[in-house]
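To find a chain, count down the sequence lines: A is the first, B the second, and so on, and within it residues start at 1. All values derive from a computational prediction rather than experimental measurement.
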Amino acid sequence: MIGRANPVKDRVAFASAATTGFRRDESEATPESLALDACIAAIQAAGLGPAAINGLIGADAEYMQSALGLPHLTYWNGPGIPFLSSVANGVNAVHSGAADVVLAYHSAYRTPIFSRAAANDPFRSMSLGTFGSFAHRGADGFGPDTVTGAVGYTAWASRYLHEYGANREAFGAIAINGRSNALGNPAAVLHDPLTMDDYLSARMIRWPLGLLDMEISVDGADACIITTVERARDLALPPVLVHACTQGMLAQNEEDQSPSLREHGQHVVVESLRAKSDLWLDDVDVLLPYDGFSFIALSWIENLGWCDPGQGAAFIADQWDPAGNRILIGGRVPVNPHGGSLSEGGTQGSGHVREAIHQLQGLCGARQVPGATTALVTTGGFFKNAQGCVLRSDW
Amino acid sequence: MTTIGDRELVERYTGVALDHTNKDFYRGLLQHELRLSRCAECGWWHHRPKPICPRCWSKDVRATAVSGRGVIHLAIFLHQGPPAPGVDYSAGPHPVVTVELEEQTGLRFTSTVVDAGNVAIVIGTPVELSWIERDGRPFPVFRLRSAAA
């Protein structure tokens with residue numbers, strides 16, 4: 001059963017967030033060097049120093065503590081992917097008192113599997129990158145004949161087209177929205193406008209999803225500082241309160257055993273968030289649905305209840321802002337204003353979280369949502385990693 | 001039907017993570033039987049193999065042959081993908097289907113479809129189990145039921 005209690009509501013806050021920005025050219029960065037750059041920027045943006053950090057959430061926390069020279073840690077833990085797992089871990093650590101100030105970070109790193117430029121770098125030949133070895137692994141020894149892993153989204157996208165009589169333009173609208181938004185984000189890796197013709201003529205990878213349905217591999221990192229609301233109020237930037245935060249998973253969490261398009265991890269997240277949050281869709285000023293695949297973001301929009309299942313394409317067409325060539329729900333709420341994984345860079349959700357924090361701190365420059373006070377971030381997909389949080393300003 | 005011993009089984013599946021929970025699934029494949037996990041107490045099927053029944057927690061879970069009949073539930077076509085013997089992406093997109101088996105709603109098995117053009121491989125189409133050889137082992141695949149009749 002899904003619980004309703006939420007004692008952590010508005011008690012823990014983000015004090016800051018920072019990014020390295022994203023690139024896909026040749027570079028001498030490592031996953032660790034990127035994470036370190038983002039961490040230093042996040043610590044400094046909060047007006048803190050290394051001695052203040054006593055919790056650390058991310059990959060290889062031991063190395064990171066040593067490199068950053070953080071004198072004493074009382075709590076650390078491995079990364080959660082997508083990034084809201086790390087956030088939930090940090091929020092829980094602060095609320096429990098396991099740590100006072102948590103630094104959470106995530107780096108994206110191109111490997112030879114995903115990037116030609118990376119394949120030309122001999123020092124990347126041994127790198128497993130962010131995802132370790134499970135990318136492209138033939139599950140069960142079945143080689144290509146599996147839908148385990150990322151392929152699972154392609155498989156259920158085929159079901160979506162079948163059940164709702166939709167066509168690929170439904171996914172294309174998500175890709176175009178992301179690209180249009182990335183034009184206003186200097187940190188984004190892709191800055192060329194995208195048309196539906198471009199989308200439809202892009203290389204097919206695994207029908208029904210093609211090259212532009214899939215996040216773009218990048219080098220880059222994000223980091224954020226999580227602490228109590230009281231502490232955050234004394235720091236350099238306006239606090240961003242964690243109003244509700246949840247993960248969601250069903251018993252049938254294997255990709256090909258998932259019950260249906262209307263019953264998977266996203267639905268657990270939505271039910272849990274609705275139970276824990278006083279703020280919901282009408283309150284939201286900025287929406288950040290995970291778009292590691294375009295289809296995942298389309299599904300979030302439907303499953304959150306912005307429209308009925310299968311009506312995503314019609315809803316998006318109805319909410320389309322021709323001037324910005326992007327979604328603007330109710331003429332007001334942008335979707336992934338940073339460009340998302342599809343066009344800012346594939347960050348496994350850390351970009352979505354960082355953008356939400358920056359929007360609520362008023363730091364987004366030309367793409368700032370005027371007066372934004374509430375953000376809904378839903379990262380992850382259907383099977384093993386759906387997550388969501390509602391963030392609000394300290395009004 | 002000869003029984004395949006544990007050592008031979010592990011040798012035949014070099015590189016695949018066999019264990020005491022999934023060994024009888026793979027042993028079945030070598031004998032051209034698709035054996036999925038079924039609870040001997042409550043009758044519930046599940047896949048992939050687990051040492052207990054997720055429905056009643058009985059430990060009496062047995063690798064049990066399925067009929068192999070079902071309906072295509074998910075269907076994708078790989079224009080590129082991991083290499084595999086007999087799979088030639090340059091010859092055309094390679095189909096991968098998840099089939100809902102007739103034994104139980106939601107019990108599904110994923111493989112490819114043989115002897116069918118991709119245009120005929122459509123969600124909702126009835127299929128049945130068939131076998132090819134891959135890496136010197138029997139490999140379970142599906143065939144459109146109308147074509148096999």
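- Rounding to the nearest 0.5 Å places OH of A/Y153 at 13.5 Å from CD1 of B/I76.
- Of the two parts of B/P95, only the backbone, made up of N, CA, C and O, holds a non-hydrogen atom closer than 4.5 Å to a non-hydrogen atom of chain A.
- Heavy-atom distances place the side chain of B/Y89, and not its backbone, under 4.5 Å from chain A.
- Rounded to the nearest 0.5 Å, atoms CG (A/L211) and CD (B/Q80) are 8.5 Å apart.
- Between the side chains of B/H94 and A/D145, at least one donor-acceptor pair of N or O atoms lies under 3.5 Å.
- For the atom pair CE (A/M204) and CG (B/L78), the distance works out to 11.5 Å, reported to the nearest 0.5 Å.
- Summarising the geometry, atom CG belonging to B/L74 is positioned 10.5 Å from atom OG1 belonging to A/T154; distances are rounded to the nearest 0.5 Å.
- For chain B, the option among A/S260, A/S258, A/A251 with the highest count of heavy-atom pairs below 4.5 Å is A/S258.
- In this structure the side chain of B/V96 reaches within 4.5 angstrom of the side chain of A/V147, judged on heavy atoms.
- Of all the heavy atoms in A/P144 and B/V87, the pair that sits closest is CG-CG2, 4.2 Å.
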Could you please spell out the steps behind the salt bridge (charged side-chain N to carboxylate O under 4.0 Å, His left out) verdict for B/R108 and A/E255?
-> CA-CA 10 Å; B/R108 305 193 195 110; A/E255 290 81 351; over 6 Å; no
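- The number of heavy atoms from other shown groups lying within 6.0 Å of CD (A/E169) is above 12.
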Checking side chain to side chain contact (heavy atoms under 4.5 Å, CB included) for the pair A/R203/B/H79: CA distance, chi angles, key distance, verdict?
-> CA-CA 9 Å; A/R203 185 155 53 96; B/H79 289 237; over 6 Å; no
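- With sequence neighbours left out, B/R38 forms a salt bridge (Lys or Arg N to Asp or Glu O under 4.0 Å) with no residue at all.
- Applying the 6.0 Å contact sphere to CZ of A/R262 captures more than 12 heavy atoms from other residues, nucleotides or ligands.
- B/T98 contributes atom OG1, which lies 8.0 Å from atom CD of A/Q257 (distance to the nearest 0.5 angstrom).
- Under 3.5 Å, the side chains of B/H73 and A/R159 contain a donor-acceptor pair of N or O atoms.
- The parts of B/T112 that come within reach of chain A are both its backbone and its side chain, each placing non-hydrogen atoms under 4.5 angstrom from that chain.
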